[in-house]
Amino acid sequence: MPELPEVEVVRRGLERLVTGRTIAAVEVLHPRSVRRHVAGAADFTGRLAGLRFAPARRRGKYLWLPLEGADEALLAHLGMSGQFRVQPPGAPDERHLRVRLVFTDPHAGELRFVDQRTFGGLSVHAQTAEGLPDAVAHIARDPLDEGFDEAAFHGALRRRRTTVKRALLDQSLISGVGNIYADEALWRSRLHYDRPTATLARSRTIELLGHIRDVMTAALAAGGTSFDSLYVNVNGESGYFARTLDAYGREDEPCRRCGTAMRRSAWMNRSSYYCPRCQRRPRTPARAPAGV
DNA sequence: AAGCTCTCCTGATGGC
DNA sequence: TGCCATCAGGAGAGCT
């Protein structure tokens, strides 16, 4: 379940291990992993061969490796279970190995994309004038990006007719937040997930953003977080969660603030964890009589 | 036309 | 023991 901090850990690993490496050959072992490359697997491998990686970049949960001299980039999304591994040539294939990139330097090893559930994937895209792969143009800046515009974000929340957790997961409004850190930040902010965004005072939005940044920064400091063996950082080490969660996964356990049993609600085909006392469900305003 | 629901996928887990 | 249902969830297609 990689969110911004986990993806950033992977980005740093890629930056360290594959920057300046030249791609000799690419092997696609599962077509679904390159489905976002609409021209197909053969075009994907052909575009990469012979090119050199510039330092990895990231926006939200997307990361990419610009290709030197090509105005294109190798874009990656880890989805639910995607991993990058740098392995020595000849290391046994992982069970869920999907794409292999072999470098010209035999000492550089291979870059492998491993992904059990195949929600993630790789693709090659032209870079826009802003230096983003075109497929990422609709993704908002993330809250750790110094160009993130708090006033614009608050304005968007006020205009939207939606609820706060939906907005946090909408990558076109704010990127990098997933289900886990959304629940954590909402708990810290004492906000119920169904709170209409149009009712948020500016100070509440600013406070919420502060908690999002705190949660993400702490996770990043812990080296990325994970709950199961699916997430492994670029070296193949398990990025196990080093700090405790306050909300996510704590159904029936006492709220760390008030002791009330935490609850889990089915929400958007997933779960929301919250404290029913600290995070009161907003009153649903009576609808105006119809037909007036 | 913005907002919401559905669907993709695999492995672990639990109930009967 | 074996079989089936359920759950995990990012993101985009598609519907209203």
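In what follows, chains carry the letters A, B, and so on, assigned in the order in which the sequence lines appear, proteins first and then strands, with residues in each chain numbered from 1. Bear in mind the structure is a predicted one, so any value in this text is a computation, not a measurement.
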Worksheet item: Rounded to whole angstrom units, what separation is found between the CZ atom of A:Phe119 and the P atom of B:dC6?
Response: 15 Å
Discussion item. Regarding A:Gln87 and A:Glu94, do their side chains bring together a donor and an acceptor under 3.5 Å, going by distance alone?
Written reply: yes
Practice prompt. Scan A:Asp115 against the nucleic acid and name what it touches under 4.0 Å (heavy atoms): base, sugar-phosphate only, or nothing.
Written response: nothing
Discussion item. Given C:dG10, B:dT10, B:dG11, identify the nucleotide with an atom nearest to the side chain of A:Lys61.
Written reply: C:dG10
Worksheet item: How many Å lie between NE2 on A:His30 and C1' on B:dC9, as a whole number?
Response: 9 Å
Worksheet entry | N/O (side chain, A:Tyr62) to phosphate O (OP1/OP2, C:dG12) under 4.0 Å | yes
Worksheet item: Going by modelled atom types, is there a donor-acceptor pair between the base of B:dA2 and the side chain of A:Arg161 at under 3.5 Å?
Response: no
Worksheet item: Going through the distances and angles, do A:Glu207 and A:Arg204 end up as a salt bridge (Lys or Arg N to Asp or Glu O under 4.0 Å)?
Response: CA-CA 5 Å; A:Glu207 182 193 348; A:Arg204 294 287 268 153; 3.3 Å; yes
Practice prompt. Indicate if A:Val34 and A:Leu14 have the same hydrophobic cluster label, given that clusters are the connected sets of ILVMFWY residues with side-chain heavy-atom separations under 4.5 angstrom.
Written response: yes
Item to complete: Whole angstrom is fine here: how far is it from CE in A:Met80 over to C1' in B:dC8?
Response: 12 Å
Discussion item. From CG of A:Leu157 over to C1' of B:dG3, roughly how many Å is that when rounded to an integer?
Written reply: 15 Å
Worksheet item: Does A:Thr118 put a side-chain nitrogen or oxygen below 4.0 Å from OP1 or OP2 of B:dT10?
Response: no
Practice prompt. Check every atom of B:dT10, C:dG12, B:dC9 against the side chain of A:Gln116 and return the nucleotide holding the closest atom.
Written response: B:dT10
Item to complete: Could you go through the side-chain hydrogen bond (donor to acceptor under 3.5 Å, both in side chains) check for A:Arg160 and A:Thr197 one step at a time?
Response: CA-CA 7 Å; A:Arg160 287 277 178 124; A:Thr197 57; over 6 Å; no
Practice prompt. Report the distance from atom NZ of A:Lys165 to atom C1' of B:dT5, rounded to the nearest whole Å.
Written response: 16 Å
Fill in: A:Arg95 side chain, from C-beta outward: closest of C:dG10, B:dC4, B:dG11
B:dG11
Item to complete: Hey, which sits more toward the 5' end of DNA chain B by its nearest nucleotide, A:Thr162 or A:Asn269?
Response: A:Thr162
Worksheet item: Can a side chain N or O of A:Ser81 be found less than 4.0 Å away from OP1 or OP2 on B:dT10?
Response: no
Worksheet item: Looking at A:Trp187, is A:Arg257 sitting on its ring face, NZ or CZ under 6.0 Å from the six-membered ring centre and within 45 degrees of the normal?
Response: yes
Worksheet item: Separation of A:Arg32 atom CZ from C:dA11 atom P, in whole Å?
Response: 14 Å
Discussion item. With a 3.5 Å cut-off and heavy atoms only, can you find an N or O donor on one side and an acceptor on the other between the side chain of A:Arg270 and the base of C:dG10?
Written reply: yes
Worksheet item: Which whole-number value in Å describes the distance from A:His77 NE2 to B:dC8 P?
Response: 19 Å
Worksheet, complete the sentence: Of the candidates C:dG12, B:dC8, C:dA8, the side chain of A:Tyr273 sits closest to C:dA8
Worksheet item: Does the side chain of A:Arg166 get closer than 4.0 angstrom to OP1 or OP2 of B:dT5 through an N or O atom?
Response: yes
Practice prompt. Could you work out which one of C:dC7, B:dG11, B:dC8 sits closest to the side chain of A:Arg264?
Written response: C:dC7
Discussion item. If we count only N and O atoms by modelled type, under 3.5 Å, do the side chains of A:Ser81 and A:Arg117 hold a donor and an acceptor together?
Written reply: no
Item to complete: May I ask you to evaluate whether A:Arg160 reaches the phosphate of B:dG3, defined as a side-chain N or O under 4.0 Å from OP1 or OP2?
Response: yes
Worksheet item: Can you check whether A:His96 has a side-chain N or O nearer than 4.0 Å to OP1 or OP2 of B:dG11?
Response: yes
Discussion item. Taking the minimum atom-to-atom distance to the side chain of A:Arg117, which one of B:dC8, B:dC4, C:dA8 wins?
Written reply: C:dA8
Worksheet entry | Whole angstrom value for the distance that separates P of B:dA2 from NE2 of A:His138 | 15 Å
Practice prompt. Answer yes or no: does a side-chain N or O of A:Gln171 lie under 4.0 Å from OP1 or OP2 of C:dA11?
Written response: yes
